[in-house]
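Only one structure is covered here, and it is reproduced in the block below.
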Protein chains: 2
Amino acid sequence: MMQKNLKRMATMQRMQVTGLELFYKNGYYNTSVDDILNKLELSKGAFYYHYESKEDFFIQIIENLLVRKVYSMLIEPVEGHENTSDLIMQCYDNALETAVHNEMDFGFVLGNFISEFNGRNPKIMKHLNDIIKIWEVNLVSVIQRGKFEGYIDRHADAEGVALFIMSSFMGVRTLMVETAPSARKYRFMSQLRLFLKSIENKQPAV
Amino acid sequence: MMQKNLKRMATMQRMQVTGLELFYKNGYYNTSVDDILNKLELSKGAFYYHYESKEDFFIQIIENLLVRKVYSMLIEPVEGHENTSDLIMQCYDNALETAVHNEMDFGFVLGNFISEFNGRNPKIMKHLNDIIKIWEVNLVSVIQRGKFEGYIDRHADAEGVALFIMSSFMGVRTLMVETAPSARKYRFMSQLRLFLKSIENKQPAV
DNA sequence: AGAATGACCGACTCGTCGGTTTGTAGTATT
DNA sequence: AATACTACAAACCGACGAGTCGGTCATTCT
């Protein structure tokens, strides 16, 4: 009976992975359940045996895949105890690198879905916003800690800095989709570095 | 015979204005031609008398409405000869204010459509990208001029700064859609001010 | 007045998509 | 061996949406 459950979960997992891939590529409303099923060579019956609806399916994708990916790509990497702005730089440099190679980076996936569901599906929006909040809260606390540990200027506004970083990151991803992603990444990172330098603590505790 | 043309253009204009409104609110693929027609109390026949297809209709909206709005909201306001960063601040402060009141601001409209059409409709993407390019080229040249006129540090990377401003603006609009738009606008503008201060010319020519 | 044309109506086609229902091969249970 | 349940398959339903088409009616031209 553990075997049973394993099979069930394997199929659901396959559906979710392919689902996220297609939803990301074509948009949620532009991807039919059949598109996903065809790719997996499964039938409608299989889908509605495991999920209540397309919406339910998508929410499970958010909870199972999106949340974890955002965690591992945008949250965990900045949680070390080294110099705060170095950590942030490395994290976002890395995240943008996946974008250059046209892979899914999950900060952008998030931004895409938010603009797709905003004002259209409050239920899904709530789940997406929860992820944004987790990201934001974490970034704020990382910056706060940077202040305590002497890396960041004590006068810096942690909420403001976090918002600015998140905004510029999500925005540059939109601008990288068509034109010279690699050059734009480089330019963007240079400016982000300047910005982070400007809020570093000038008289670090020795 | 001029009367004729006037009637034609009036109807087409009404369709486009309502079309943009609904496309913005619900997305392009999520808005049916009938939705627009019902709101205007017009029929399918009227629509396909004036436009070849839904796509043709949308492209005309871009050329007639979007381009001009971006011009008047994001390009013209920064073209004065006062202090460059002041002009930029005022322009984006103003653009975000419309966002706070849930109106259409056209930087965001642009970002929304880009993420909706990216990878799905190359033809429309081309038109949207053209607007982005116009915006970018203009912002770069404004910063260049700011350097010549002594407002901006000569060592600043104009392309980088422009990209950073555009990115952060488009990004913060996404983050303003659900949570505390007014507070986020304030925080964002503070950080933008800091960033612009950091590239101002420290020894202005007297 | 009669013909032509511009602007529009509304019914219809044809395809798509979310969701339902019925059936069934394999596996586990009793 | 009979039963029941899991994990699907396949056919189907109703809606909705883009685009078509024959027709209408007022205005303009001749």
Side-chain angles (χ1 to χ4, degrees), chain A residues 1-62 113 116-117 120-124, chain B residues 1-62 64 113 116-117 120-121 123-124:
Chain A
M1 76 198 190
M2 200 52 199
Q3 287 297 50
K4 290 264 168 173
N5 234 329
L6 276 182
K7 172 131 201 232
R8 177 186 180 84
M9 287 175 65
T11 302
M12 290 178 78
Q13 185 77 6
R14 283 206 312 145
M15 287 177 175
Q16 290 181 23
V17 170
T18 303
L20 178 56
E21 189 187 322
L22 293 184
F23 286 147
Y24 169 66
K25 207 192 294 176
N26 308 319
Y28 175 83
Y29 293 110
N30 230 344
T31 303
S32 68
V33 173
D34 282 325
D35 288 341
I36 301 165
L37 265 10
N38 285 337
K39 194 160 182 181
L40 293 170
E41 296 186 333
L42 286 172
S43 68
K44 274 270 175 72
F47 185 86
Y48 284 95
Y49 173 73
H50 291 295
Y51 301 100
E52 279 180 17
S53 64
K54 189 185 179 187
E55 181 179 294
D56 167 54
F57 174 59
F58 187 68
I59 290 176
Q60 292 201 40
I61 288 181
I62 296 177
F113 286 144
E116 184 167 6
F117 290 108
R120 288 152 223 167
N121 190 321
K123 195 170 170 186
I124 290 184
Chain B
M1 76 200 184
M2 199 55 198
Q3 288 296 52
K4 289 264 169 175
N5 235 328
L6 276 182
K7 172 127 202 241
R8 178 187 179 83
M9 287 173 65
T11 303
M12 289 178 79
Q13 184 77 5
R14 284 207 311 146
M15 286 177 175
Q16 289 180 24
V17 169
T18 303
L20 177 56
E21 188 188 322
L22 293 184
F23 286 147
Y24 170 65
K25 208 193 293 178
N26 307 320
Y28 174 82
Y29 293 110
N30 230 343
T31 303
S32 69
V33 173
D34 282 325
D35 289 341
I36 300 165
L37 265 10
N38 285 337
K39 194 159 181 181
L40 293 170
E41 296 187 333
L42 286 171
S43 68
K44 269 271 171 72
F47 184 86
Y48 284 94
Y49 174 72
H50 291 294
Y51 301 101
E52 278 181 18
S53 64
K54 189 185 177 187
E55 182 179 295
D56 167 55
F57 174 59
F58 188 69
I59 290 176
Q60 292 202 38
I61 288 181
I62 296 177
N64 286 322
F113 285 145
E116 184 167 8
F117 290 108
R120 289 153 221 167
N121 189 321
K123 196 170 171 187
I124 291 185

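Just the heavy atoms: all of them, side chains too, but no hydrogens, waters or symmetry mates, feed the values below. Because the structure is predicted, anything quoted here is derived from the model rather than measured.
Spacing between atom OH of A/Tyr48 and atom C1' of D/dT6 amounts to 20 Å, rounded to whole angstrom units. For the pair B/Asp35 CG and D/dG17 C1', the computed distance is 9 Å after rounding to whole Å. Rounded to an integer number of Å, the gap from CG of B/Asp34 to P of D/dA15 is 16 Å. In this structure, the CD atom of B/Glu55 is 16 Å from the C1' atom of D/dG17, given to the nearest Å. In this structure, the CZ atom of B/Phe57 is 15 Å from the C1' atom of D/dG19, given to the nearest Å. Distance, B/Leu37 CG to C/dA7 C1': 13 Å, rounded to whole Å. Atoms CZ (B/Arg14) and C1' (C/dA7) sit 12 Å apart, rounded to a whole Å. As a whole-Å value, the separation of A/Asn38 CG from C/dT16 C1' is 13 Å.
Taking 4.0 angstrom as the limit, A/Arg8 places a side-chain polar atom (N or O) nearer than this to OP1 or OP2 of D/dA7. Between A/Thr11 and the phosphate of D/dC8, there is a side-chain N or O to OP1/OP2 separation shorter than 4.0 Å. Between A/His50 and D/dC8, a side-chain N or O to OP1/OP2 separation shorter than 4.0 Å is present. Of the side-chain N and O atoms in A/Ser53, none sit less than 4.0 angstrom from OP1 or OP2 of C/dG18.
Atom CD of A/Gln16 sits about 6.0 Å away from atom CD of A/Gln13, to the nearest 0.5 Å. Taking OH from B/Tyr29 and CD from A/Glu116, the interatomic distance works out to 10.5 Å, rounded to the nearest 0.5 Å.
If you check distances only, the side chain of B/Lys44 does reach the base of D/dA18 with a donor-acceptor pair under 3.5 Å. The base of D/dG19 is not paired with the side chain of B/Lys54 by any donor and acceptor separated by under 3.5 Å.
Nearest-nucleotide assignment on DNA chain D puts the 5′-proximal partner with A/Tyr49, out of A/Tyr49 and A/Ser43. In this structure, B/Leu42 and A/Tyr29 both approach DNA chain C, and ranking their closest nucleotides by distance from the 5' end singles out B/Leu42.
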Using the rule given for side-chain contact (heavy atoms from CB on, under 4.5 Å), can you reason through A/Tyr51 versus A/Met12, listing the C-alpha separation, both sets of side-chain angles and the distance that settles it, and then say yes or no? CA-CA 9 Å; A/Tyr51 301 100; A/Met12 290 178 78; 3.3 Å; yes
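Across all non-hydrogen atoms, the minimal contact from A/Lys123 to A/Glu55 is CD-OE2, 3.1 Å.
For the ring pair (Phe, Tyr, Trp, His ring centres under 6.0 Å) test, residues two or more places apart in sequence or in another chain that qualify with A/Tyr28 are A/Phe23, A/Phe58, A/Phe117.
When heavy atoms are screened at a 4.0 angstrom cut-off, B/Glu41 is found touching the sugar-phosphate backbone but no base atom.
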